[in-house]
Structure formats: structure tokens, C-alpha cells
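Naming: A, B, ... by sequence-line order, numbering from 1 per chain.
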Number of protein chains: 4
Amino acid sequence: MLKKDQAEEVLETVDAPLEMETSIKRKPRGRPRRSTRENILRAAKKVFSRSGYDGARIEKISKAARSYDSLIYYYFGSKEKLFVEVLEDAYRDIYEAEQDLNLNLQDPVAALRKIIEFPLRYYVANPEVIVLLSTENLQKGKHIAKWPTAHQYSRPVIDILQGVIQEGQAQGVFKNDIDCKKLYIAITALGYFYVSNRYTFSAFLDTDLMQEDSIHEWAAYISDFVLNQVLVSA
Amino acid sequence: MLKKDQAEEVLETVDAPLEMETSIKRKPRGRPRRSTRENILRAAKKVFSRSGYDGARIEKISKAARSYDSLIYYYFGSKEKLFVEVLEDAYRDIYEAEQDLNLNLQDPVAALRKIIEFPLRYYVANPEVIVLLSTENLQKGKHIAKWPTAHQYSRPVIDILQGVIQEGQAQGVFKNDIDCKKLYIAITALGYFYVSNRYTFSAFLDTDLMQEDSIHEWAAYISDFVLNQVLVSA
Amino acid sequence: MLKKDQAEEVLETVDAPLEMETSIKRKPRGRPRRSTRENILRAAKKVFSRSGYDGARIEKISKAARSYDSLIYYYFGSKEKLFVEVLEDAYRDIYEAEQDLNLNLQDPVAALRKIIEFPLRYYVANPEVIVLLSTENLQKGKHIAKWPTAHQYSRPVIDILQGVIQEGQAQGVFKNDIDCKKLYIAITALGYFYVSNRYTFSAFLDTDLMQEDSIHEWAAYISDFVLNQVLVSA
Amino acid sequence: MLKKDQAEEVLETVDAPLEMETSIKRKPRGRPRRSTRENILRAAKKVFSRSGYDGARIEKISKAARSYDSLIYYYFGSKEKLFVEVLEDAYRDIYEAEQDLNLNLQDPVAALRKIIEFPLRYYVANPEVIVLLSTENLQKGKHIAKWPTAHQYSRPVIDILQGVIQEGQAQGVFKNDIDCKKLYIAITALGYFYVSNRYTFSAFLDTDLMQEDSIHEWAAYISDFVLNQVLVSA
DNA sequence: AATGAATGAGCGTTCATTCAT
DNA sequence: GATGAATGAACGCTCATTCAT
């Protein structure tokens, strides 16, 4: 198991993840005074995303929030409910970031490129989210399954993609038979996997996938990869 | 948190994952008499892949192996060392399955199609492996990092891909500028992600990605997706 | 341990105990507007008598009083002091009920019968008191020991008994050598025990001692039992 | 709340309860080597009977048994199951003591006197049992209710009483219309209550009911009290 | 190699109590 | 006096691990 000291020293380092473009990070709410509830939520995100659900310790969360174990129960009721709230927050953050892409529909190729690179950039900038999603998948999606509004987030996101595709088709630059849902999965997969499996794959391929160069190369690669798929062949 | 009974009743069901093609499953070693060590290892794989490292309980492993906690320490020394052995086994299994693909080099398109579909099929048939890899990535690859032979497994795998690509290029059906390493990552991503995030993405898209139809559609989709990338345009 | 829900649902039912004679119940103070202090005290009696001292929760008391934890400390200082006040109230209530017996001294046999049946009837109607006394005895009477006026309540009660006995002796119906203190203990024992040990004794004897019939039979039985002791043999 | 030190210092004193006759104490199993399970059970009896169910602390039990918290769960599963076992033991002990009374049926008056005095003597010698029974009644008999064999203990006990009564009737010294069940309750009440409410009643009456003299007086008093009831009037 | 008891740290949670408006 | 957030100890229980046959 993890030695305590090891875990301890890791504690502060995760906060500064690799970034590609700051614009893609969720807006920092850098208000000087934060409520205890907020502190706990932020600390919980940190700790859950560092250790997963089972590995996370209530005490660690409360201390990271400079608060008390009991206040976690006061505000959230249980470790699990706290986790769910962290997870929901993460979803909301991704969703908001997607809405903030500021796409120029007049240029569907550039817009699509932005969409393609978004997941990679987002997860590179916010790798904690991957642990949260991982944890949720490890638990067979039991929380999200009970969360009735989950798929309401997907609609607008896929609509955005579809809007771009349709504009491209109208302009005659994109193919006509494009399955937007599948395309969306493929785009997400190519960005997410690169980050989620960075450790095992780096070891496996004997290179550091998280070097800035590698990330940029991969961003360009998957951009071309997906665009090739969509563009009408010259 | 998981109720005990819930966890208990899940215990036996996970063993029969959705299968696409039995040929892709690792060979069952159905010998009637197994050593205690083997029993523990198999039980550990089950339990680790159901609950992750932190969620796994030594007692659950020992009971699933019809053995004793203390024998786990006798044979493996610690929970962590047991996990590492399970992880290594999983890697070896994937490797062996990749070696067993029986590709016909004379038909590089068909061979490549097989390679593309392999990760999806493998992870659909053996989803436990995903939890193991997830867990290892959650722990920042600390075990695989110390495992010097890890990347020795990647060489032959990428060689196989390269062989197929080169044959296709020789036959004039594949493009010339193909980065095999990146292609390999892309192929793995498209298969792995679909399975690893099946719960959150199913909820998100409001469809059951694990239905047999969906899986086959996805297999066909990514096959075309990647082939399109590689084939010389008509 | 008690499930929360179980405890919760019991919460309102206890208020309506088995009654023998309404005249024996403490006078309900059914005023529409009660002070917070009073509310807390009443809620505390309810909760303490349902769960004992250690089982009672401050939060449960404050919620039952539609008030706040902190007001309990504001008004009473501590859980223990609140308990003491509840206990004192209970003693006062018993005392007052004893004073309200309205005995007809001219008929000492009837009067004695009333006295004999009083404890049984009172505890059947107010079984919570038993839990309070039980709790106090469990704590070795530490509160009542410090309560200097406690035995001032016994004097009048035993005086009443003695008055009746003397009148009976004067009329020649009661024996001459009667120890009123011991008689009082015996009377109380025969009524109190029947209620205090109703659960264990019901199971032990495999009958429901709290059925109305059983209670009436017991009332008659102990009445005769004690009277036999006191009456001059025919 | 109880100060720790107060509770602590009480810890060892309870072990030496007031005794009337040693012959009535449960046989001490003074074997030099006791199993951990036995140690825990004995310690649990001590602690439960000192503090009640809610007041008892697992840690206190484990320490009193010179063992570990976890072993309590290893052997008994939960605090509640441990309590049930303690309670069952207490019942069994009483039962065995009742069987050991060695009554001389030829002398029914002496035999009945022994029976009458038994509860008082037993509870004086083993006052812990009262706390256990109190606690069980506080919890509305939830454990004993589920204990199907509980009332099997009452049969033989009442049979003994009935045997003595019948012999007395045959000899013409006892009245004919005697309800043995009610008589048994009365006998128990007169002994039990004196001990169970010793603290509150001592304060109330301003005498120490537990002085040896008082106890002997009470034993004689209730003996006469009940015998008077049963004997044919001279 | 098998069996089960022992060891001790630590975890999620709850509690009585106090503080600050 | 009302409201609710803060404080910190402790509780029941579980865990990985080791010991002794």
C-alpha cells in the first residue's frame, strides 16, 4: 500500500497539472473568501481525483479544506454524497467549457478542429476529471445512472458538433454521411485515452507522452485523423 | 458505499462478460486441480478488477480462492505485490492474445482490420483488465514504472502492425507516410475508451453501448475510420 | 443497533400509552403556546424515556422541540442537567398524582385498595417514568443523591398510607403490627415491577402482560394480596 | 456527560457486590487459562452491566478483556450480538441457580421460603443482571423477543414452585386456590424491585436499603408476606 | 502448507458542546 | 433569543498484516 509519507508529499504537486492553453481551464473562482462548503468541495475534488473513491480519506479532505470531518457530514451527509457532488461538478465544468468554445460557424473546418482538440486539451489541463470518471466507471456508473439529467448535457454538445458538420456539408467541404454521435465518441476517445492511460502507455512505449511536444504532436495528429475522415476527398 | 450484499451478489456474475468472438478470449486453463498460489492469483484478478486496488479486500480474495489471508502473505508477501503480479499477468495475457492473431500478410487490408478490431474485442471480452490498468494509472504507473521489461512487450506488437503496413505500402494500397506508433495509439484508444467509459458514456448518451449491436456497429465504424486513414484515396 | 427509521417511526406512537383510568394521568397542560424552555423539557422527557440517557441524542430532543441544540445549552447548561430536570419533574408528577388520590378515610379498606393499585396504574399510564428511574438507578442514583429534597417527597406519601392504616386499626379491621415503610415498598414493587419488566417477563412467561385483561387481573391480584396481609383474619 | 476519570475509577469496584450467601452466587469458573472469547464475554458482562448497552464502549470491553476491539468482531460480529450473548448467559445462569436450590419437598414451608428469598438473594449477589434486564426492557425486549427458547426456561421454574405448592396442599398447610404464575411474579417483584431501585428508593426513603441488616429484614418481611398469603389461616 | 487467532492502525461517522451572528 | 456553523473527541467497526501451531 501507499506509504503515508509518499502520499503526503504528493499532496500539493497535483494542483499544477500540465497545461496546453490556459483558456481551456475552467474559470478559477479566485475569490479571497470561500465558504466552508466550497472549501470542502474543492478539497474533495482534489483528494478524490488523487486517490479515487476508496483511496480517498475523509480526514484528508477535511484537513485539505482546513475544516473538520464532521462538517463534511454536516454539509454533504456522507462520503458518497460528497463524491456525487464532486462528480456532478466535474460534468458541469466540462459542459460549460464546451459551451465556451466560441466556434466560428463560417469556418467549419477550423471549428471542427477546435472541437476535435478540445477533449485532449481539457483532460491535459484537468486530469483529475479522468480519475473521477474512472472511479465512476469502476463503480459501474451507479451514481450517474441515478442522475436523471445526465444525458441532458449530451444533447447540446452533440448539437454543436452537428451544427458545424451541417455547415460544412452546406459549404460542400464535409461528406454527407456522417454519424455525429459516433464521431463524437471517436473524438472523445482519441483525446481522453491519451491522457487517461498516460502512465501505462508511456511505460509501454518507453516515451513520455506528457511532454509538451508529444501532446502537441498528438493534437495535430488526431486533428488530421478526424478531419481526413470528414472532409470530402480532394 | 456499496452494501455488502450488493457486492456479494455481483461476485459471480462478472465472470461472464459480453463476448464478441470466443477466439479472442484468453485460453481457459480449465484443469481440475490448481495450486493454491494459482487459485489466489485468479481470485485476486477477479477481486482487484471488480473493486480496484483500494476497494479490494484481502479477505475477499482469500475466500474466493478458498484459502486463507495468511497464505496470500506466504506466497506473495503483500497486497501490493499480489497486485503487481496480477497486473503483469494481465499484460502477458494481452501480449499473448496479440501474438495469436494469425494475420494473413498477403491481405494487408484484412489483416489491418483484424488489428484495428482487436483491442475493442479484447476489452469487451476481458473488461477486468481495464480496471487493472485504470488502477495502475490512478497510482501514476508506479508499478509498471519499476517494471523494466514493460516496453519489451510493445516492440513486437508494433512490429506486427508495421509489417502489415509495409506490406500494404508494397502492394500500393496503403499510404506512405504512416506513423505506426501513433496509429497504434489511435487504434487502442478507439477500442479501449469505448469499453472503459461504457457506464458514464452510456448514461451521457442515453444508450446502452454494451448491447451487442452497438458493439458491432462500433467495431465496423472504427475499422472504416482507421482504414480510411491509411488507404490510398481511390 | 436501532435503525434510524425504526427509531423515527416509533417517535410519535409512544405518546399514547396503555391507560387504565384517565384520572390517574398527569394533567395535560394543553396550552396552545408554550415557551421554548418548556418545549425542550417535554421533548427531553420523551426522548430520554424512549432511549435512556446514553441513547438520547441532543439533536433529537432539539428537533422534537422544534428548537435548536444550542438552546438546550442556553437553557439547561448540559445534557446531564437537562436530564436531572426531567427526572425532578417526573418525581414531582408522581408526587402530585399521589396527593390527588382523594381517599375516603372513613372507608380504610377502599382507601388502601386505591393506594395499592396506584403504582400499577400510574406506571401503566406513564411508562416513560420507569425508563427515567431505571436510568437513574443505572447511574447509581448520582443525581438523586445530590438532590437534598428527594426524601421530603416520601414523608407525605407514607403519611397518607399510615393515616389509612391507623384508621383501619381504629376501626378494628387492620392488624396492629404493620410496618408502613415496608408495606409501601412492597406495594410499589408489586406495581412497578410488573410494568418495568413487562418485555422480558412477557417473553419469559410467553404471555402479553400488557393486555388490558392481564393488567386488571394483576391489579385485583395484588390488591387482595396486600389486603390479605393487613386485614385481621376473619 | 460522565467525566472519564469518574467512570474509570468505578471500573474495578463493581466486581465485589454485596453478598448475602455465597451459595447463591453462580459457580465461579476459576480456571487459570481462559480463552479470548471467554475473556471478552466476561468483560462484556462487566461493562454492559455497569453502563448499559449504549453507555458501554467496545474499547472498554476489549481492554478489560486484555484483548482487541477487532477480536470482539471476530468472535461476536457486532456489539449487539455480543450483548445478546451476554444476556443469554445471564438467563442461563439464573436458571441454573434456580435448579440448584436443593429443595426438601417434605417440608414445603421451608422450601417455599427458600423460593421466596431466592430472587432477592440472587440479585443482591449479582446486581449486574439487573442492568442487563433493564437494558433489554429499555429496548422493548427486542432481543429476547427473537429468542425462541426464552420461555422454555420458565416452565421448569414454575413447575418447581407448583411442586412445592401441591405438596403443601397435600399436607393441608397451603390454601387450595393458588395461582402459581401470579405468585411467581409477585415473588420475583418483591425481590427484584428492592435491588433494581435501590438507589432511587434509598434516597427517597432516606435509608440505605443495601445495608446487610436492611436486606435481611426485607428477606424476612417478604417471606412472611408471601407465606401468609399461602398458608391456611390458623 | 494449512488453519485460525492475534495485532494494532485507521476509517467513516456521530456526538456533545461552543461560537458568532 | 434564534439560527446555523464550528469544534474536536470518540465511537463502532474494518483492514492489512503477523504469529503460532
Side-chain angles (χ1 to χ4, degrees), chain A residues 1-2 4 35-37 39-40 53-63 65-83, chain B residues 1 4 35-37 40 53-62 65-82, chain C residues 1 4 35-37 53-62 66-82, chain D residues 1-2 4 35-37 39-40 53-62 65-82:
Chain A
M1 210 188 338
L2 269 173
K4 212 172 234 166
S35 74
T36 300
R37 208 193 121 96
N39 281 334
I40 291 173
Y53 183 81
D54 287 311
R57 297 292 158 238
I58 288 289
E59 198 196 356
K60 211 147 203 179
I61 294 173
S62 71
K63 280 194 174 148
R66 281 174 225 283
S67 182
Y68 296 89
D69 288 12
S70 41
L71 284 180
I72 291 177
Y73 293 88
Y74 185 76
Y75 284 111
F76 298 94
S78 71
K79 183 184 182 182
E80 194 171 6
K81 283 178 187 161
L82 175 57
F83 176 76
Chain B
M1 211 188 328
K4 221 168 230 170
S35 74
T36 298
R37 208 193 120 95
I40 291 173
Y53 182 81
D54 287 311
R57 299 290 160 243
I58 288 288
E59 199 196 356
K60 208 150 202 174
I61 295 172
S62 71
R66 284 173 224 284
S67 182
Y68 298 89
D69 288 12
S70 33
L71 286 182
I72 291 178
Y73 291 87
Y74 181 80
Y75 284 115
F76 298 93
S78 73
K79 185 183 181 182
E80 196 170 4
K81 282 179 189 161
L82 175 57
Chain C
M1 211 187 327
K4 220 168 229 168
S35 74
T36 299
R37 208 193 121 94
Y53 181 81
D54 287 311
R57 299 288 162 243
I58 289 287
E59 198 197 357
K60 207 150 202 175
I61 295 172
S62 71
R66 284 175 225 280
S67 183
Y68 298 89
D69 287 13
S70 32
L71 286 182
I72 292 178
Y73 291 88
Y74 182 79
Y75 283 115
F76 298 93
S78 72
K79 184 184 181 181
E80 195 170 7
K81 283 177 187 162
L82 174 58
Chain D
M1 207 189 342
L2 269 173
K4 212 175 234 166
S35 72
T36 299
R37 207 193 122 97
N39 282 333
I40 291 173
Y53 182 81
D54 287 312
R57 299 290 159 239
I58 288 289
E59 198 196 356
K60 210 148 201 176
I61 295 172
S62 71
R66 281 174 226 282
S67 182
Y68 297 89
D69 288 13
S70 42
L71 285 180
I72 291 178
Y73 294 87
Y74 185 77
Y75 284 111
F76 297 93
S78 72
K79 184 184 182 182
E80 194 171 8
K81 282 179 188 161
L82 175 58

Item to check | Short side-chain N/O contact to E/dG12 OP1/OP2 from A/Arg57, under 4.0 Å | outcome: yes
Item to check | Between F/dG8 (P) and A/Lys63 (NZ): distance, integer Å | outcome: 12 Å
Checklist outcome for this item: When rounded to whole Å, the CD to C1' distance for the pair A/Glu59 and F/dA10 reads 13 Å
Checklist entry - So, is B/Tyr73 near the phosphate of F/dT17, with a side-chain N or O under 4.0 Å from OP1 or OP2? => result yes
Checklist entry - Separation of D/Lys60 atom NZ from F/dA10 atom C1', in whole Å? => result 13 Å
Checklist entry - Between atom CD1 in B/Ile61 and atom C1' in F/dT17, what is the gap in whole Å? => result 13 Å
Item to check | Rounded distance in Å - NZ (D/Lys81) to C1' (F/dT14) | outcome: 15 Å
Checklist outcome for this item: Separation of F/dG12 atom C1' from D/Ile72 atom CD1, nearest Å, is 10 Å
Exercise answer: donor-acceptor pairs, residues 67-78 of chain D side-chain atoms, under 3.5 Å, sequence neighbours excluded:
from    : atom 1 : to      : atom 2 : distance (Å)
D/Asp69 : OD1    : D/Ser62 : OG     : 2.6
D/Ser78 : OG     : D/Glu80 : N      : 3.4
D/Ser78 : OG     : D/Lys81 : N      : 3.1

Hey, what are the protein-to-nucleotides 3-5 of chain E N/O distances that come in under 3.5 Å?
from  : atom 1 : to      : atom 2 : distance (Å)
E/dT3 : OP2    : B/Tyr68 : OH     : 3.2
E/dT3 : O5'    : B/Tyr68 : OH     : 2.5
E/dG4 : OP2    : B/Tyr68 : OH     : 3.4
E/dG4 : O3'    : D/Tyr74 : OH     : 3.4
E/dG4 : O6     : B/Ser70 : OG     : 2.7
E/dA5 : OP2    : D/Tyr74 : OH     : 2.8
E/dA5 : O5'    : D/Tyr75 : OH     : 3.3
E/dA5 : N7     : D/Tyr74 : OH     : 3.4

Checklist entry - When the distance from CD1 of D/Ile58 to P of F/dA9 is rounded to whole Å, what number comes out? => result 22 Å
Item to check | Atom pair distance, as rounded to whole Å: OH in B/Tyr53 and P in F/dC15 | outcome: 14 Å
Checklist entry - Stems in DNA chain E: runs of 3 or more consecutive Watson-Crick or G-U pairs, distances under 3.5 Å? => result E:2-21 with F:2-21
